[in-house]
Chemist: 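First the structure, then my questions, so here it is.
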Amino acid sequence: MPEGPSIAILRDEASIFVGKRVSRAEGNAKIDMGRIEGQRVVDWRSFGKQTLIVFDGVYVRVHLLMFGSYLINERKDIAPRLGLTFRNGEIHFYNCSVKLLEGDPADSYDWRVDIMSDQWDEKFVRRKFRAMPEELVCDALLDQDVFAGVGNIIKNEVLYLCKVHPLSLVGDLPARKANEIVAQARAYSFRFLDWKKAHVLRKHWLVHNKGQCPVHQIPLSRGYLGHRKRRSFFCDLCQRRYTTE
DNA sequence: TATAATGTTTGAAC
DNA sequence: AGTTCAAACATTAT
């Protein structure tokens with residue numbers, strides 16, 4: 001469920017609750033439900049893979065992790081982690097991480113790195129990307145401080161589209177190629193968004209979860225690469241491994 | 001049916 | 001003290 005674009009869809013679906021008062025807050029999340037009950041939703045934001053439900057002076061941060069889900073005006077049979085009821089509907093979150101945080105999220109998040117944000121700042125992200133030359137590119141793309149919202153699917157697809165081997169060091173990439181990865185992370189995330197909305201995401205995957213390179217018709221290489229040990233799918237012919245030599 | 005995965009935090013062990 | 005690693009959370013598709 002949860003890479004940045006999916007959380008942006010959630011945010012848009014939940015926008016009907018902005019300005020509305022929470023008439024009931026429930027669930028097995030270990031937070032003080034009384035703190036938000038009766039409060040008005042000031043804003044509903046996303047930052048990367050996180051959902052931020054903003055109230056006056058306090059906000060709820062929801063992270064769907066790997067298996068989290070949500071339903072609006074519907075329910076599952078299992079107990080919700082968090083359920084919010086409004087006069088015009090309700091939303092329930094399941095199997096996710098929920099935290100109640102004091103303050104204003106604007107003080108804690110920098111939307112310049114959020115891959116889906118209007119405030120996304122290409123130059124700023126380029127600079128941050130360049131500042132991690134010792135990282136493998138497959139790890140760097142999953143760094144939420146640089147590419148907030150990019151997940152494993154986007155990582156695999158972007159590296160394939162840019163023809164870069166996942167085990168290339170960021171510092172070994174030519175500047176033009178590094179910039180291309182930054183731009184493609186952004187562009188691909190919005191294609192992901194459109195496909196996800198249309199429920200046709202999977203069929204557009206070029207390498208993620210695939211067996212063959214769509215260009216060369218040869219088996220893709222796969223492995224749990226980098227210090228994050230996340231699945232990588234890549235083509236040895238298409239994707240160049242940049243090295244210092 | 002067993003396996004593995006769109007993710008992150010925590011805390012123990014080195 | 002910095003790092004590395006397993007554990008924990010838990011659903012669903014193949």
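Computed from heavy atoms alone, side chains included, the values below leave out hydrogens, waters and symmetry copies. Within every chain, numbering begins at 1; the chains are lettered A, B, ... in the order of the sequence lines, protein sequences first and strands thereafter.
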Chemist: Charged N to carboxylate O below 4.0 Å: is that the case for A:Asp110 and A:Arg112?
Modeler: yes
Chemist: Please report the distance, rounded to the nearest Å, between CZ in A:Arg81 and C1' in B:dG7.
Modeler: 14 Å
Chemist: Can you confirm whether the side chains of A:Ser232 and A:Lys155 place a donor and an acceptor under 3.5 Å from each other?
Modeler: yes
Chemist: Go nucleotide by nucleotide along DNA chain C from the 5' end; which of A:Ile78 and A:Lys229 gets its closest nucleotide reached first?
Modeler: A:Lys229
Chemist: Is a side-chain donor or acceptor of A:Asn156 paired with a backbone partner of A:Arg231 at a separation under 3.5 angstrom?
Modeler: yes
Chemist: Taking only Lys NZ, Arg NE, NH1 and NH2, and the carboxylate oxygens of Asp or Glu, determine whether A:Arg176 and A:Glu180 approach each other closer than 4.0 Å.
Modeler: no
Chemist: Under 4.0 Å: is that the gap between some side-chain N or O of A:Tyr224 and OP1 or OP2 of B:dA4?
Modeler: no
Chemist: Separation of A:Arg202 atom CZ from B:dT6 atom P, in whole Å?
Modeler: 10 Å
Chemist: Taking side chain as C-beta onward, heavy atoms only, is A:Ile53 less than 4.5 Å from A:Phe93?
Modeler: yes
Chemist: In this structure, how many angstroms lie between the P atom of C:dA10 and the CG atom of A:Asp77, rounded?
Modeler: 17 Å
Chemist: Provide the distance between the two P atoms, one in B:dA4 and one in C:dA7, to the nearest whole Å.
Modeler: 15 Å
Chemist: Which one, B:dT6, C:dC5, C:dT11, comes nearest to the side chain of A:Lys196?
Modeler: B:dT6
Chemist: For the side chain of A:Pro2, starting at C-beta, report the closest nucleotide among C:dC5, C:dT11, B:dG7.
Modeler: B:dG7
Chemist: Work out how far the P atom of B:dA5 is from that of C:dA6, and round it to whole angstrom.
Modeler: 15 Å
Chemist: Quickly work out the A:Ile115 CD1 to B:dT6 P distance and round it to whole Å.
Modeler: 18 Å
Chemist: Taking OP1 and OP2 of B:dT6, is either one under 4.0 Å from a side-chain nitrogen or oxygen of A:Asn152?
Modeler: yes
Chemist: Measure from NZ on A:Lys30 to P on C:dA8 and round the result to the nearest Å.
Modeler: 14 Å
Chemist: Distance alone, cut at 3.5 Å: any donor-acceptor contact between the side chains of A:Ser221 and A:Asp236?
Modeler: yes
Chemist: A:Asn95 has an atom CG; how far is it from atom P of C:dT12, in whole Å?
Modeler: 8 Å
Chemist: Considering residues, nucleotides and ligands other than A:Asp118, do more than 12 of their heavy atoms fall under 6.0 Å from its CG?
Modeler: no
Chemist: Ignoring backbone atoms, test whether A:Arg231 places a side-chain nitrogen or oxygen under 4.0 Å from the OP1 or OP2 oxygen of B:dA4.
Modeler: no
Chemist: When Watson-Crick pairs (N1 to N3 and N6-O4 or O6-N4) and G-U wobble pairs (N1-O2 and O6-N3) count only below 3.5 Å on both distances, what is the dot-bracket string of DNA chain B, with | for other-strand pairs?
Modeler: .||||.||||||||
Chemist: Picking from A:His92, A:Glu13, A:Lys76, what satisfies side chain to side chain donor-acceptor pair (under 3.5 Å) with A:Tyr70?
Modeler: A:Glu13
Chemist: Using a 4.0 Å heavy-atom cut-off, write out nucleotides 8-14 of chain B from 5' to 3' as B (base contacted by protein), S (sugar-phosphate only) or - (no contact).
Modeler: S-S----
Chemist: Please work out if A:His208 contacts a base, only the sugar-phosphate, or nothing of the nucleic acid, heavy-atom cut-off 4.0 Å.
Modeler: sugar-phosphate
Chemist: A:Phe234 and ring pair (Phe, Tyr, Trp, His ring centres under 6.0 Å): which partner among A:His165, A:His216, A:His208?
Modeler: A:His165
Chemist: Just the rounded figure in Å: distance from P of B:dT3 to CZ of A:Phe67.
Modeler: 15 Å
Chemist: Determine, for A:Lys196 against A:Glu3, whether the closest basic-nitrogen to carboxylate-oxygen distance falls under 4.0 angstrom.
Modeler: no
Chemist: Which whole-number value in Å describes the distance from A:Ile153 CD1 to B:dT6 P?
Modeler: 7 Å
